[in-house]
Amino acid sequence: MDLGKIRDQLDVIDKEIVRLFEERMKLVGEVAEFKLETGKQVFDKEREQAKIRSVREQAHGAFNEQAVQELFTQLMTVSRRYQYRLLEQHGRKAELGFRQVAAIPVEGARVVYQGVEGAYSHEATLAYFGDDVDAYHVKTWNDAMEAVESGAADYAVIPIENSSAGAVSDNYDLMLRHTNVIVAEICIPVNHMLLGLPGASAGDIRTVYSHPQALMQSGEYLNAHPRWRQISVENTAVAARKIIDDGDKSQAAVASRAAGKLYGLNVLAEGINHNKNNTTRFIILAKDHIYRRDAGKITICFELPHKSGTLYNMLGNLIYNGVNMRMIESRPILGRNWEYRFFVDVEGNLSDTAIQNALRSVSEEAANMRILGNY
């Protein structure tokens with residue numbers, strides 16, 4: 001047979017596949033009507049697993065068995081998407097537990113951040129809430145989370161990601177230990193200085209203090225001075241305050257120019273972070289589960305079993321609802337070897353039908369899915 005004849009036969013088969021697909025989708029619609037009347041959930045894990053086993057047994061050869069499994073997995077994902085859409089049209093909308101507001105209320109708000117005055121978290125607080133904000137600082141990120149959860153503060157400002165050093169992983173984990181949600185974000189350019197006591201010079205320095213990420217971000221400059229010891233502290237502003245408190249000319253801090261000015265330190269070297277476009281993204285956390293009417297980003301978290309294809313299938317719920325993913329971050333689940341928790345940022349608003357259908361799909365199929373905020 002020549003290639004043209006083979007392709008003609010494929011066209012005939014493909015036409016039949018389309019016809020059968022549309023026939024199948026009509027039956028899927030009838031299934032949705034039944035579930036609407038009975039209140040039955042769309043996702044039926046046992047039924048889908050049984051179907052996958054059945055079609056694999058009908059295929060011939062290992063390659064076809066795997067291919068048929070992938071084909072029917074996607075086919076059932078499309079079917080669920082269609083069922084969710086029909087249910088939504090009949091008024092069965094997803095209850096996501098969030099309330100829409102015109103704007104995030106900031107007037108008279110009390111805000112907490114980790115560190116001390118002069119830290120980048122303090123700078124982010126002023127940048128979002130204004131210079132007159134009623135703000136105070138605590139020692140740890142967990143302290144800030146607890147302050148909001150207890151009602152001692154209305155908002156917390158927490159770093160979540162740096163363009164150079166990556167995710168602040170501890171804060172992803174902390175978000176799951178508290179019920180606070182993300183209501184906004186702000187990005188602060190990072191420009192690290194080497195700060196020392198008045199009268200000190202770079203030649204005097206033997207020890208450099210800063211936050212671990214600041215040391216990492218300034219690694220190229222600091223590592224060019226092998227005699228300098230690098231010591232981690234809670235944050236950059238704590239490092240700056242330590243230098244002035246100790247009064248030791250052999251000590252320096254990596255911190256912002258604002259921190260140096262606040263604590264009376266001199267700039268020994270400017271812009272020592274090797275990535276000059278370095279930026280830290282801060283999230284604003286609140287106790288109330290609210291989101292702005294014009295919010296455009298959603299952060300979710302879910303857990304998956306350590307099995308082939310589980311993440312692929314989960315992300316299919318986003319793909320088949322036309323939802324764009326902007327970021328994915330994985331974190332190991334404590335006490336459960338080789339199992340992971342995924343944090344995902346997607347574009348959209350909780351009032352969007354496509355978003356509701358996608359999140360409802362993820363919620364039914366994943367373990368412990370949680371919406372961390374729409375902002």
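Predicted model only: the values in this text are computed from it and were never measured. Worth knowing before you read on, the calculation uses all heavy atoms, side chains too, and leaves out hydrogens, waters and symmetry mates.
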In terms of side-chain geometry, is the basic nitrogen of [X] or [Y] positioned less than 4.0 Å from the acidic oxygen of its partner?
X: Asp143; Y: Lys139; answer: no
X: Glu48; Y: Lys45; answer: no
X: Asp345; Y: Arg281; answer: yes
X: Glu30; Y: Lys26; answer: no
X: Glu270; Y: Arg257; answer: yes
X: Glu65; Y: Arg53; answer: no
X: Glu117; Y: Arg241; answer: no

Please test Tyr113 against Tyr136 for ring pair (Phe, Tyr, Trp, His ring centres under 6.0 Å), starting from the C-alpha separation and ending with a verdict.
CA-CA 7 Å; Tyr113 62 92; Tyr136 71 102; 8.1 Å; no
Measuring from atom [atom1] of [X] to atom [atom2] of [Y], what distance do you get when rounded to the nearest 0.5 angstrom?
X: Met216; Y: Asn273; atom1: CE; atom2: CG; answer: 13.0 Å
X: Asp288; Y: Asn180; atom1: CG; atom2: CG; answer: 10.0 Å
X: Ser363; Y: Gln356; atom1: OG; atom2: CD; answer: 12.5 Å
X: Leu334; Y: Arg341; atom1: CG; atom2: CZ; answer: 8.5 Å

Same cluster or not: Met325 versus Leu304, using hydrophobic residues (I, L, V, M, F, W, Y) connected whenever any side-chain heavy atoms lie under 4.5 Å apart?
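In one cluster: yes.
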Would Ile283 and Leu126 show up in the same hydrophobic cluster when neighbours are defined by side-chain heavy atoms closer than 4.5 Å?
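Hydrophobic grouping puts Ile283 apart from Leu126.
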Judged by atom type as modelled, is there a donor-acceptor pair below 3.5 Å linking the side chain of Asp134 to the main-chain atoms of Ala109?
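Checking the backbone N and O of Ala109 against the side chain of Asp134, no donor-acceptor pair under 3.5 Å is found.
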Is there a donor-acceptor contact under 3.5 Å from the side chain of Asp2 to the main chain of Gly4?
yes
Going by distance alone, is a donor N or O of one side chain under 3.5 Å from an acceptor N or O of the other, for [X] and [Y]?
X: Gln217; Y: Asn162; result: yes
X: Thr299; Y: Tyr375; result: yes
X: Asn349; Y: Ser351; result: yes
X: Glu149; Y: Thr179; result: yes
X: Glu347; Y: Asn324; result: yes
X: His192; Y: Asn278; result: no
X: Gln58; Y: Ser54; result: yes

Given Ser163, which of Val190, Asn275, Asn277 fulfils the side chain to side chain contact (heavy atoms under 4.5 Å, CB included) condition?
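For Ser163, the side chain to side chain contact (heavy atoms under 4.5 Å, CB included) check succeeds only for Asn275.
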Near-ring test Phe282/Tyr120, centroid separation under 6.0 angstrom
no
With sequence neighbours excluded, what pairs up with Tyr209 under the ring pair (Phe, Tyr, Trp, His ring centres under 6.0 Å) test?
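By the ring pair (Phe, Tyr, Trp, His ring centres under 6.0 Å) rule, Tyr209 matches no residue at all.
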For Asp173, check salt bridge (charged side-chain N to carboxylate O under 4.0 Å, His left out) against everything at least two apart and list the hits.
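Residues passing salt bridge (charged side-chain N to carboxylate O under 4.0 Å, His left out) with Asp173: Arg331.
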Would you call the rings of Phe342 and Tyr340 parallel, tilted or perpendicular if under 30° counts as parallel and over 60° as perpendicular?
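The arrangement is tilted - the two ring planes meet at 30° to 60°.
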Asp44 and Arg80: CA distance, side-chain angles, deciding distance, salt bridge (Lys or Arg N to Asp or Glu O under 4.0 Å) verdict
CA-CA 10 Å; Asp44 187 339; Arg80 286 197 303 274; over 6 Å; no
Which atom names give the shortest non-hydrogen contact between Trp228 and Tyr221, and what distance separates them?
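Smallest interatomic distance, heavy atoms only, reads CZ3-CE2, 3.8 Å.
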If the condition is side chain to side chain donor-acceptor pair (under 3.5 Å), which residues does Gln49 pass it with, not counting sequence neighbours?
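Here no residue qualifies.
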